[in-house]
Amino acid sequence: VPGYGDSPPVEMALTAQGRRAFLDRVLQELGMQRPVLISPSMSGRFALPFLLAHGDRLAGFVPIAPVGTKDFTAEQYRAVQTPTLILYGDRDTGLAPQALQNLQHLPKHRVAVLSGAGHACYLDKPEDFHRALLGFLRQLK
């Protein structure tokens, strides 16, 4: 995610509209057609604005306790028709409950909770994570 970790800041990333445009540009440059967007933690600031504006361009969405879910309304989430797998670890008591509370308004969602996993559930329980992810991907059109 630009501006986090060791990556340089990107001026576009200062607004939700800019972050949406940045992600749009990345997907265009990669030539991706209807990808499944996986969004852990801080990447929610990019993925959520994109989902709400261009969810029809995604085959699926996999939020993993993303930040920024409270920035949007239940009505905005209800308008999204993208199949979604809300995935999190049951030991993530910070972001996961808040994300679930907001993301559960997505009409085409299902939830997978990884037992014994924290915020980075994909690192804590990689086999369980991949099992849940692959199960979701298999049922997409």
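Note that the structure is a prediction, hence the values are computed from the model and not measured.
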For the residue pair H105 and Y77, categorise the inter-ring angle as parallel (less than 30°), tilted (30 to 60°) or perpendicular (more than 60°). parallel

Could you see if I86 belongs to whatever hydrophobic cluster contains F136? Use Ile, Leu, Val, Met, Phe, Trp, Tyr and a side-chain cutoff under 4.5 Å. no

Approximate separation, where rounding is to 0.5 Å, of L133 CG and R138 CZ: 9.5 Å

So do C121 and D92 actually touch side chain to side chain, heavy atoms under 4.5 Å? no

Any heavy-atom pair between the side chains of L103 and L48 that's under 4.5 Å? yes

Taken to the nearest 0.5 Å, the spacing of R20 CZ from D24 CG works out to 8.0 Å

Side chain to side chain, R45 and D71, heavy atoms closer than 4.5 Å: yes

Close side-chain approach of V80 to F61, heavy-atom, < 4.5 Å: no

Taken to the nearest 0.5 Å, the spacing of D128 CG from H130 NE2 works out to 11.0 Å

Under 4.5 Å between any side-chain heavy atoms of T82 and L37, yes or no? no

CG/L85 to NZ/K108 distance, rounded to the nearest 0.5 angstrom? 15.5 Å

Nearest 0.5 angstrom please: T69 OG1 to L95 CG, how far? 7.5 Å

